[in-house]
Amino acid sequence: MNALQKDLIRYTAPFAAWIGLQSLLPATAWAYAVRTGVTTAVGMGCLFFGRSGVQSSSSRHVTTCRLLLGALLGLVVCALWILPDCSVWYRTWLCWPLGSLPPAPKSSPYDPAVCGWTLTVLKLVGSAFVIAPVEEVFFRSFLYRWLQNRDFTRVDLGHFDSSAFLWMIFLFMLEHDRPVAAAMAGAAYGLAAIRWGLASAIMAHVVTNLALALHVIYWGEWAFW
């Protein structure tokens, strides 16, 4: 196995583990906890064993200012994710499945009244601190560069390529049940990664998912989970 193949595994294995377990396990709080634990283990293995191209994917240096900009962007994206849901037309025609408006659930498998606070907190941790960084490494640091050059480690993340950027947004959009909001989020995180570096994009995504999780738990808006 050459260096490029090893890097390919390191960048894709955590996301593959997450998606694979999502398709295999039921939509329960315990299953989500298992996905979180397995994906974390795979990610830590990829990070600490062997050379990691994540640290050298961009010429942008990590600074406090760029992280703060990422955090602010994350709050904006969270607002863009939540506010359109107030429109019945949006939820009917711009969310999957199109043309139907399922009733807002009064509870969820992740409601602490159903699964207990431990599993609810694990859901929050998984969505904010596990899948958010995993998605950023996969979509922004790997996929965006791989679409430009199959030897993706040779591509500076700071280089803008319109075709790769649009494909990255489209594929990120397909992963989520709110495609319009996901497209805006993918564009925002992508621009943050290109302009400020991968760490800023990760910060933005973490803050978005954390703020959304707190909103869901506080207001009982389980449709977002």
Side-chain angles (χ1 to χ4, degrees), residues 6-22 32-78 81 121-146 152-153 155 157-158 168-169 171-176 181-182 184-214 216 224-225:
K6 291 179 181 179
D7 280 330
L8 184 65
I9 292 173
R10 293 185 184 108
Y11 276 85
T12 61
F15 184 73
W18 182 269
I19 294 298
L21 290 174
Q22 183 179 28
Y32 197 95
V34 170
R35 287 165 59 196
T36 297
V38 171
T39 303
T40 300
V42 173
M44 295 296 286
C46 292
L47 184 63
F48 289 110
F49 291 99
R51 179 173 64 87
S52 174
V54 172
Q55 297 175 344
S56 60
S57 66
S58 175
S59 58
R60 305 295 190 270
H61 298 294
V62 178
T63 65
T64 301
C65 180
R66 287 173 178 161
L67 291 177
L68 288 175
L69 287 171
L72 290 173
L73 179 64
L75 292 175
V76 172
V77 172
C78 182
W81 200 278
V121 171
L122 284 175
K123 165 70 173 178
L124 180 151
V125 170
S127 63
F129 301 107
V130 177
I131 188 53
V134 165
E135 284 185 328
E136 288 310 301
V137 169
F138 178 80
F139 283 100
R140 257 57 75 179
S141 191
F142 163 69
L143 181 63
Y144 172 66
R145 296 190 294 154
W146 182 84
F152 66 97
T153 59
V155 180
L157 182 56
M168 177 267 295
I169 293 173
L171 294 172
F172 183 75
M173 178 187 74
L174 293 180
E175 191 201 358
H176 297 82
M184 292 189 292
Y189 301 148
L191 290 173
I194 293 168
R195 182 65 182 87
W196 302 324
L198 180 63
S200 294
I202 291 175
M203 175 64 79
H205 202 156
V206 167
V207 169
T208 296
N209 286 14
L210 178 60
L212 182 63
L214 294 174
V216 167
F224 289 108
W225 265 11

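This structure is a prediction, so every number in the text was calculated from the model and none was measured.
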Can you measure from [atom1] ([X]) to [atom2] ([Y]) and round to the nearest 0.5 angstrom?
{"X": "Arg35", "Y": "Lys123", "atom1": "CZ", "atom2": "NZ", "result": "7.0 Å"}
{"X": "Ile131", "Y": "Asn209", "atom1": "CD1", "atom2": "CG", "result": "8.5 Å"}
{"X": "Ser127", "Y": "Leu210", "atom1": "OG", "atom2": "CG", "result": "8.0 Å"}
{"X": "Leu174", "Y": "Ile169", "atom1": "CG", "atom2": "CD1", "result": "12.0 Å"}
{"X": "Gln22", "Y": "Glu175", "atom1": "CD", "atom2": "CD", "result": "7.0 Å"}
{"X": "Lys6", "Y": "Thr153", "atom1": "NZ", "atom2": "OG1", "result": "13.5 Å"}

Exercise: identify the closest heavy-atom pair between [X] and [Y]:
{"X": "Trp225", "Y": "Leu124", "result": "CH2-N, 4.0 Å"}
{"X": "Ala211", "Y": "Leu75", "result": "CB-CD2, 4.2 Å"}
{"X": "Ala185", "Y": "Trp81", "result": "CB-CZ3, 4.1 Å"}
{"X": "Val207", "Y": "Gly74", "result": "CG1-C, 4.0 Å"}
{"X": "Thr39", "Y": "Ala17", "result": "OG1-C, 4.2 Å"}
{"X": "Leu157", "Y": "Arg140", "result": "CD1-O, 3.2 Å"}

Under a 4.5 Å cut-off applied to non-hydrogen side-chain atoms, are Leu72 and Leu68 in contact?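 No - every pair of side-chain heavy atoms lies 4.5 Å or more apart.
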Quick one: does Glu135's side chain get under 4.5 Å of Phe172's, heavy atoms only?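 They are in contact (side-chain heavy atoms under 4.5 Å apart), so the answer is yes.
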When you measure from the side chain of Ser200 to the backbone N and O of Arg66, does any donor-acceptor pair fall under 3.5 Å?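 Flag set: sc Ser200 to bb Arg66 pair under 3.5 Å.
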Verdict with reasoning, Glu136 to Leu198, per side chain to side chain contact (heavy atoms under 4.5 Å, CB included): CA-CA 8 Å; Glu136 288 310 301; Leu198 180 63; 4.3 Å; yes
In this structure, which one of Phe15, Tyr11, Tyr144 forms a ring-ring contact (aromatic ring centres under 6.0 Å, His included) with Phe139?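 Among the candidates, only Phe15 passes.
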Candidates Phe142, Phe138, Trp146 - the one meeting ring-ring contact (aromatic ring centres under 6.0 Å, His included) with Phe152: Phe142
